[in-house]
Asks: 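Quick one: the structure is below, questions incoming.
Keep in mind the model is a prediction, meaning the values are calculated, not measured.
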Amino acid sequence: MTTLTARTVAHANIALAKYWGKHDSARNLTAVPSLSLTLDRLRTETDILFDAGLAQDEASIDDEPLYGRPLERVVALIDQLRAMAGVTLCARVTSTNSFPTASGLASSASGFAALVLAGSKALGLSLSLPELSALARGASASAARSLFGGFVALEAGAEAAVPVAPRDHWDVVMLVAVVTRATKGVASTEGMGHTARTSPYYRAWVDSAPEVFQEVRRAVQERNLEVLGEAMEHSALLMHACMLASRPSLFYLTPSTLVVLDAVRSLRNAGVSAYFTMDAGPHVKVLTLPVHAEQVAHTLEVLPGVVEVLSCRPGPAAHEASADTQP
Ligand code: 2P0
């Protein structure tokens, strides 16, 4: 057979307890534990074709061909799968995102999770979820978490992510306030290396993150939004404080980001349970309960600088597209 194909879907995840920094760069093992929520609305669909007619590996995201380092990361993952399957065919990867790419909305998480599943299915490999998660982690640590649905943990130094609670454990809403469509200035991998090398707060971040992670995990298990929200905001602010103290400073936040943070605090002062988190980009993700979701979304939509608000619920594990029942 000279043509092997698969189509898969994976959903991005947003960390409630953040990962930033490597325990082992060569193996891409994380320095701190993280806990994420996989989101239904942030979806990547990936087709892979292994074909004897291809002279080299090719990949595109939203019809834009990949070159250089982004293509190398895709090829490195496919090389591992090819070696496991004993196949030498070149591959074409076609990926589409339902959300802005490479701007702090975790597109590498859903992208590499969809890719590892597509590649393994096309090559007929029977890999377990921990094996798939470990392969995805090697490409992008946050991708290890997107193999699973719902609430997911990746312990410091761990090979694979583990599920903490399924998506139906807790019906929360995450509202993503998109404040720009531009791609980010400094990619996460480079950003965290720079932070580890130059931020005097990096050691404090690595030392303090495990306790915040435990608080986040307990609050998720107990479905306590107030406790989760406080710990989640602390995790994001600790991470950004550490980035800000890098030299030169790593500054992902924009004036619009701060406007959204202020609005979330005002909502809380008015009695609405809503909590923010931010990643390696300017967008703000706001966690709330379904009962408040409409009010929070309306508040965010009219803020200056907010382009769009994406309303997300807990999402499913990565899966083959044929089994996809999501809208
Ligand atoms: C997270 N982020 O826990 C943190 C919070 C961004 C900020 O994981 O170097 O793309 O490929 O392992 O996974 C983004 O980093 O980095 C990330 P690599 P990745 O979601």
Side-chain angles (χ1 to χ4, degrees), residues 9-19 33-43 98-99 104-106 109-110 113 142 145-154 161-178 212-237 239 260-261 263-279 281 283-301 306 308-318 325-327:
V9 171
H11 293 254
N13 67 78
I14 295 298
L16 312 178
K18 302 297 185 190
Y19 143 60
S34 58
L35 193 152
S36 61
L37 176 59
T38 301
L39 298 176
D40 62 350
R41 170 73 180 75
L42 306 184
R43 183 178 184 278
S98 69
F99 57 94
L105 287 180
S110 51
S142 56
R145 303 185 307 232
S146 272
L147 266 305
F148 300 92
F151 300 85
V152 185
L154 180 64
V162 290
V164 169
R167 64 189 295 208
D168 61 2
H169 166 73
W170 193 10
D171 191 16
V172 289
V173 179
M174 191 170 266
L175 297 160
V176 178
V178 178
V212 184
F213 165 81
Q214 300 288 1
E215 288 170 11
V216 164
R217 183 163 62 184
R218 215 172 309 122
V220 165
Q221 284 162 341
E222 294 171 359
R223 301 187 192 86
N224 187 329
L225 186 64
E226 281 64 41
V227 173
L228 171 61
E230 194 278 329
M232 180 181 93
E233 291 192 353
H234 187 51
S235 176
L237 292 169
M239 180 184 76
V260 180
L261 301 194
V264 172
R265 289 215 177 97
S266 297
L267 279 165
R268 261 206 321 272
N269 289 339
V272 178
S273 284
Y275 297 87
F276 62 74
T277 187
M278 304 91 74
D279 293 286
H283 314 298
V284 183
K285 294 89 179 185
V286 182
L287 192 67
T288 189
L289 296 171
V291 65
H292 301 305
E294 209 169 311
Q295 182 186 356
V296 176
H298 286 150
T299 302
L300 301 179
E301 271 158 14
V306 172
E308 188 181 8
V309 175
L310 307 173
S311 181
C312 307
R313 289 282 172 93
T325 54
Q326 294 301 305

Asks: Minimum heavy-atom separation for M239 and D279, please, with both atom names.
Replies: CE-CA, 4.2 Å
Asks: Let me check something: any side-chain donor-acceptor pairs from residues 212-219 under 3.5 Å, sequence neighbours excluded? List them with distances.
Replies:
from: Q214; atom 1: OE1; to: R217; atom 2: NH2; distance (Å): 3.0
from: R217; atom 1: NH1; to: E155; atom 2: OE2; distance (Å): 3.3

Asks: Mind checking whether C312 and V176 have side chains closer than 4.5 Å, heavy atoms only?
Replies: yes
Asks: At what distance, to the nearest 0.5 angstrom, does CD of E308 lie from NE2 of H283?
Replies: 10.0 Å
Asks: Counting distance only, does the side-chain N/O of S235 pair as donor-acceptor with the main-chain N or O of K18 below 3.5 Å?
Replies: yes
Asks: When rounded to the nearest 0.5 angstrom, what distance separates CZ in R145 from CG in N13?
Replies: 4.5 Å
Asks: Look at the side chain of H11 and the backbone N and O of D40, then say whether any donor-acceptor pair between them is shorter than 3.5 Å.
Replies: yes
Asks: To the nearest 0.5 angstrom, please state how far the CG atom of L287 sits from the CD1 atom of I14.
Replies: 11.0 Å
Asks: Could you check whether any side-chain heavy atom of L289 comes within less than 4.5 Å of a side-chain heavy atom of V172, counting everything from C-beta outward?
Replies: yes
Asks: Do any N or O atoms from the side chain of R41 and from the backbone of S311 form a donor-acceptor pair under 3.5 angstrom?
Replies: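 No; zero donor-acceptor contacts below 3.5 Å.
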Asks: Kindly say whether G315 contributes a backbone atom to a donor-acceptor pair with the side chain of T38 at under 3.5 angstrom?
Replies: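 Pair absent, no side-chain N/O of T38 close to backbone of G315.
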Asks: In Å and rounded to the nearest 0.5 Å, what is the CG to OG1 distance from L37 to T277?
Replies: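 It is 11.0 Å, given to the nearest 0.5 Å.
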Asks: What donor-acceptor contacts under 3.5 angstrom involve side-chain atoms of residues 221-228, with partners at least two apart or in another chain?
Replies:
from: R223; atom 1: NE; to: H169; atom 2: O; distance (Å): 2.5
from: R223; atom 1: NH2; to: H169; atom 2: O; distance (Å): 3.3
from: R223; atom 1: NH2; to: H169; atom 2: ND1; distance (Å): 3.4
from: N224; atom 1: OD1; to: E226; atom 2: N; distance (Å): 3.2
from: N224; atom 1: OD1; to: V227; atom 2: N; distance (Å): 3.1
from: E226; atom 1: OE2; to: S273; atom 2: OG; distance (Å): 2.6

Asks: Provide the closest heavy-atom pair for V296 versus A274 in the form atom of the first, atom of the second, distance.
Replies: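 Between these two residues, the closest heavy atoms are CG2-CB, 4.2 Å.
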Asks: Do S98 side-chain atoms and R43 backbone N/O form a donor-acceptor pair below 3.5 Å?
Replies: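 Pair found, side chain donor or acceptor close to backbone of R43.
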Asks: Return the CZ to CG distance between F276 and L261, rounded to the nearest 0.5 Å.
Replies: 4.5 Å
